[in-house]
There are 2 protein chains.
Amino acid sequence: MTDSPTGRQLLALAQSFRTTLRHAVYLSRSMDGDGELTTMQMSTLSMAADEPLRVSRVAANLGIRVPSATEQIIKLEQAGLVSRQPDPTDSRAVLVQLTDKGRAAWEEASLRRNERVAALLEHLDDDERATLAAALPIIEKLNLTT
Amino acid sequence: MTDSPTGRQLLALAQSFRTTLRHAVYLSRSMDGDGELTTMQMSTLSMAADEPLRVSRVAANLGIRVPSATEQIIKLEQAGLVSRQPDPTDSRAVLVQLTDKGRAAWEEASLRRNERVAALLEHLDDDERATLAAALPIIEKLNLTT
DNA sequence: CGGTCATAGTTAGGTAGCCTAACATTCAGG
DNA sequence: CCTGAATGTTAGGCTACCTAACTATGACCG
């Protein structure tokens with residue numbers, strides 16, 4: 001504790017974390033296959049599942065700019081999965097809302113993804129799964145810090 | 001244990017994991033800023049750091065196709081960070097090798113990234129860091145399964 | 001009120017990274 | 001040799017992101 005042993009440990013953990021983060025991106029992409037909804041599309045739908053929300057909120061949640069969000073949302077609209085309507089309380093804003101078709105598509109895609117991920121998790125033993133489960137909220141916490 | 005309570009637990013964990021995975025992608029992207037090396041570029045350099053390797057190996061490690069790897073490698077070459085030379089033992093193959101400049105750039109970028117991630121990790125307490133450290137190899141294991 | 005500034009989205013145009021298909025070159029086996 | 005497999009590169013296209021410029025609405029204030 002003379003100098004900063006904690007600092008070195010932190011750097012070492014950061015190194016490992018960075019590597020794993022990269023592999024996680026890889027893993028995530030490998031889940032995206034087929035003609036299914038993309039991860040980003042599913043996130044958008046899941047946000048709108050609770051209540052209609054603004055384009056700017058979608059952008060913020062996805063970590064992209066508003067024009068990019070508009071683009072994606074228009075595609076979802078053309079696919080009939082969401083509808084766009086002016087916000088009655090502020091006609092500048094646009095509310096993105098899930099259609100019935102959108103909800104069905106999201107639920108089904110979500111289920112299928114979960115099954116695919118669950119199949120991976122089956123290769124872990126109980127302890128490993130417990131550790132993983134404990135780590136997830138911690139990673140979430142890191143995100144908020146950003 | 002009558003039906004498959006484990007199955008339901010697995011699905012629930014899968015759901016959480018999927019969400020965190022998405023946020024991890026977000027986190028990872030948020031690290032990519034500036035005019036620095038991208039994550040993919042750093043991975044490529046780190047692979048070549050040990051010994052020269054083939055384009056096809058780079059592609060496989062990054063999870064992309066060979067033409068895409070060629071593209072990235074050519075950019076790195078133009079930046080003077082790697083060199084491309086025919087494999088003496090098989091002149092179809094091309095060996096990608098780190099230049100001195102490439103090694104220096106990689107080491108510096110790596111250090112800076114680690115510092116940035118370490119800054120995030122500082123917001124965690126010791127227990128949380130321990131849990132995170134324990135979870136990393138488990139996530140790696142999932143990747144191999146893919 | 002009426003003018004000015006901020007806010008919400010869309011449009012336009014450009015870039016980066018990925019893909020498949022088609023192509024050269026080289027190796028390996030009968 | 002000659003044919004088929006393996007290794008890269010080239011060509012062309014797609015998607016998701018970006019910034020800049022624009023429209024339209026709201027909000028504040030003299």
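Below, read A as the first sequence line, B as the second, and so on, with proteins coming before strands; counting in each chain starts at 1. Both backbone and side-chain heavy atoms feed into the values below; hydrogens, waters and symmetry mates do not. Every value quoted in this text rests on a predicted model; they were computed, and no experiment measured them.
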Side-chain contact test, heavy atoms from C-beta onward, threshold under 4.5 Å: evaluate it for [X] versus [Y] and give yes or no.
X: Thr39(A); Y: Val25(B); answer: no
X: Thr19(B); Y: Ser16(B); answer: no
X: Leu13(B); Y: Leu136(A); answer: yes

Mind calculating the distance between [atom1] ([X]) and [atom2] ([N]) to the nearest angstrom?
X: Leu62(B); N: dG17(C); atom1: CG; atom2: P; value: 12 Å
X: Gln85(B); N: dT9(D); atom1: CD; atom2: P; value: 13 Å
X: Arg29(B); N: dA16(C); atom1: CZ; atom2: C1'; value: 13 Å
X: Gln41(B); N: dC18(C); atom1: CD; atom2: C1'; value: 14 Å
X: Met40(B); N: dA16(C); atom1: CE; atom2: C1'; value: 12 Å

Original post:
For Arg84(B), does the CZ atom have more than 12 heavy-atom neighbours from other residues, nucleotides or ligands under 6.0 Å away?
Top reply: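 More than 12 heavy atoms, drawn from other residues, nucleotides or ligands, come within 6.0 Å of this atom.
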Original post:
Less than 4.0 Å between a side-chain N and a carboxylate O, is that true for Arg112(B) and Glu108(B)?
Top reply: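 A salt bridge links Glu108(B) with Arg112(B).
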Original post:
Got a salt bridge between Arg103(B) and Asp100(B), using NZ or NE/NH1/NH2 to carboxylate O under 4.0 Å?
Top reply: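 Looking at Asp100(B) together with Arg103(B), the answer is no, because their closest N to O distance does not fall below 4.0 Å.
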**OP:** Taking only heavy atoms on the protein side, list every residue of residues 87-95 of chain A lying under 4.0 Å from any atom of DNA chain D, sorted numerically.
**Re:**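 Result for residues 87-95 of chain A: Asp90(A), Ser91(A), Arg92(A), sorted by number.
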Subject >> DNA chain D contacts made by residues 64-80 of chain A, counting heavy atoms under 4.0 Å >> reply: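 Those residues are Ile64(A), Arg65(A), Pro67(A), Ser68(A), Glu71(A), Gln72(A), Lys75(A).
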Original post:
For Leu53(B), what are the other residues in its hydrophobic cluster, where any two members join if their side-chain heavy atoms are less than 4.5 angstrom apart?
Top reply: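 Result for Leu53(B) is Leu37(B), Met40(B), Met42(B), Leu45(B), Met47(B), Val55(B), Val58(B), Leu62(B), Ile64(B), Val66(B), Ile73(B), Leu76(B), Leu81(B), Val82(B), Val94(B), Val96(B), Leu98(B), Trp106(B).
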**OP:** Please list, by residue number, the residues of residues 52-60 of chain A whose heavy atoms come closer than 4.0 Å to an atom of DNA chain C; answer none if no residue qualifies.
**Re:**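 The answer is Arg54(A), Val55(A), Ser56(A).
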Original post:
What pairs meet the side-chain hydrogen bond (donor to acceptor under 3.5 Å, both in side chains) rule with one or both residues in residues 58-67 of chain A, with sequence neighbours excluded?
Top reply: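 Sorted result for residues 58-67 of chain A: empty, none.
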Original post:
What are the two closest non-hydrogen atoms of Ser110(B) and Arg18(A), and how far apart are they?
Top reply: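 Shortest heavy-atom separation between Ser110(B) and Arg18(A) comes out as OG-NH2, 3.0 Å.
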**OP:** Step by step, work out the side chain to side chain contact (heavy atoms under 4.5 Å, CB included) result for Val117(A) and Leu142(B).
**Re:** CA-CA 9 Å; Val117(A) 174; Leu142(B) 286 177; over 6 Å; no
Subject >> side chain to side chain donor-acceptor pair (under 3.5 Å) involving Arg116(A) - partner list, sequence neighbours excluded >> reply: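 Listed in chain order: Glu36(A).
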